[in-house]
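Below is one structure; the comments refer to it alone.
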Amino acid sequence: MVVVRDLEPLLDYDITLGMVENGTGMGNAFIAAKRHSPFIREWYEQYKTYKRNEFYWNSLQVPRNMWFRNSSRVHMESDRLYRPNWFESDLLYKRSDYPWRNNYAIHVWTNKNPVPKSPADIQTANTTIAQVFRHVMYGDWRPRKGKIKKLW
């Protein structure tokens with residue numbers, strides 16, 4: 001997860017999560033929870049029956065099912081944490097028009113997608129993921145012109 005704006009508005013809730021999408025389940029790449037969260041405690045207890053052959057069960061589907069049973073327990077921020085999701089990878093890795101500035105964070109995964117790998121790629125690529133990286137690294141999402149600034 002790459003945080004792209006202040007998370008303070010989420011501190012008013014006992015727990016904030018997001019749904020990747022209903023078929024996949026609750027996202028676990030971002031969890032904002034107050035100490036001793038009953039939801040987290042119950043989720044943790046579900047790991048006593050861990051299903052090794054169903055990787056996503058405990059980590060994504062159990063919390064989704066818990067939320068379905070009582071949605072008032074969780075503040076949901078699905079779109080502002082898990083969009084674009086992995087079914088929309090073109091919006092992140094091949095296009096540059098996704099309105100990511102409304103997000104709290106961007107979930108970055110690769111799955112063989114063209115992630116910028118060098119300072120030159122980050123500074124010049126015309127993709128949403130490059131915009132996000134520039135925003136975090138330089139405070140300006142726009143492509144950088146001229147001499148490439150070394151990052152390390």
For Y93, check ring pair (Phe, Tyr, Trp, His ring centres under 6.0 Å) against everything at least two apart and list the hits.
-> W109
Hits for ring pair (Phe, Tyr, Trp, His ring centres under 6.0 Å) against Y50, two or more places apart or cross-chain, chain-then-number order -> Y47
How far does [atom1] of [X] sit from [atom2] of [Y], to the nearest 0.5 angstrom?
X: R83; Y: E21; atom1: CZ; atom2: CD; value: 11.5 Å
X: L7; Y: L81; atom1: CG; atom2: CG; value: 8.5 Å
X: Q123; Y: F133; atom1: CD; atom2: CZ; value: 13.0 Å
X: M26; Y: S59; atom1: CE; atom2: OG; value: 11.5 Å
X: R41; Y: Q46; atom1: CZ; atom2: CD; value: 14.0 Å
X: L60; Y: E54; atom1: CG; atom2: CD; value: 12.0 Å

Tell me, do [X] and [Y] make a side-chain contact under 4.5 Å, heavy atoms counted?
X: D90; Y: Y98; value: no
X: L11; Y: K34; value: no
X: Y56; Y: V62; value: no
X: H107; Y: F30; value: no
X: W43; Y: N28; value: yes
X: F39; Y: P63; value: yes
X: Y104; Y: T16; value: no
X: P143; Y: T124; value: no

Establish whether V115 and L91 are linked, either directly or via other cluster members, by ILVMFWY side-chain heavy-atom contacts under 4.5 Å.
-> yes
hydrophobic_cluster_shared for I106 and L10, side chain cutoff 4.5 Å | yes
Distance-only, no hydrogens or angles: does the Y82 side chain make a donor-acceptor pair with backbone N or O of A29 under 3.5 Å?
-> yes
Has the side chain of R134 got a donor or acceptor atom that lies under 3.5 Å from a matching backbone atom of W141?
-> yes
Got a sec, which residues hit side-chain hydrogen bond (donor to acceptor under 3.5 Å, both in side chains) with [X], two or more places apart in sequence or on another chain?
X: R95; answer: D97
X: D140; answer: R142
X: E45; answer: K48

For V108 and V2, the nearest pair of non-hydrogen atoms, with its separation, is CG2-CG2, 3.7 Å
Do R144 and Y138 meet the cation-pi criteria used here (NZ or CZ under 6.0 Å from the six-membered ring centre, within 45° of the axis)?
-> yes
Taking atom NZ of K94 as the centre, report whether more than 12 heavy atoms of other residues, nucleotides or ligands fall under 6.0 Å from it.
-> no
Count the heavy atoms of every other residue, nucleotide or ligand shown that sit under 6.0 Å from OH of Y44, and state whether that count exceeds 12.
-> no
Does the side-chain contact (heavy atoms from CB on, under 4.5 Å) test come out yes or no for L92 and N113, once each step is laid out?
-> CA-CA 9 Å; L92 193 58; N113 286 301; over 6 Å; no
Decide side-chain contact (heavy atoms from CB on, under 4.5 Å) for I122 and M137; before the verdict, give the C-alpha distance in whole Å, the side-chain angles of both, and the deciding distance to 0.1 Å.
-> CA-CA 10 Å; I122 292 168; M137 296 166 69; 4.0 Å; yes
Given I15 and S37, is the side-chain contact (heavy atoms from CB on, under 4.5 Å) satisfied, shown in steps?
-> CA-CA 7 Å; I15 185 166; S37 163; 4.2 Å; yes
Can Q131 and T128 be counted as having a side-chain donor-acceptor contact under 3.5 angstrom?
-> no
Could you verify whether a donor N or O on one side chain and an acceptor N or O on the other, from N126 and S96, lie under 3.5 Å apart?
-> yes
Determine, stepwise, if the pair F87 / T24 fulfils side-chain contact (heavy atoms from CB on, under 4.5 Å).
-> CA-CA 11 Å; F87 302 107; T24 301; 3.8 Å; yes
Expected list for residues 70-77: side-chain donor-acceptor pairs under 3.5 angstrom, two or more places apart:
from: N70; atom 1: OD1; to: S72; atom 2: N; distance (Å): 3.3
from: N70; atom 1: OD1; to: S72; atom 2: OG; distance (Å): 2.7
from: R73; atom 1: NH1; to: E42; atom 2: OE1; distance (Å): 3.0
from: R73; atom 1: NH2; to: E42; atom 2: OE1; distance (Å): 3.0
from: H75; atom 1: NE2; to: E77; atom 2: OE2; distance (Å): 2.8
from: E77; atom 1: OE1; to: R80; atom 2: NE; distance (Å): 2.8
from: E77; atom 1: OE1; to: R80; atom 2: NH2; distance (Å): 3.1
from: E77; atom 1: OE2; to: R80; atom 2: NH2; distance (Å): 3.0

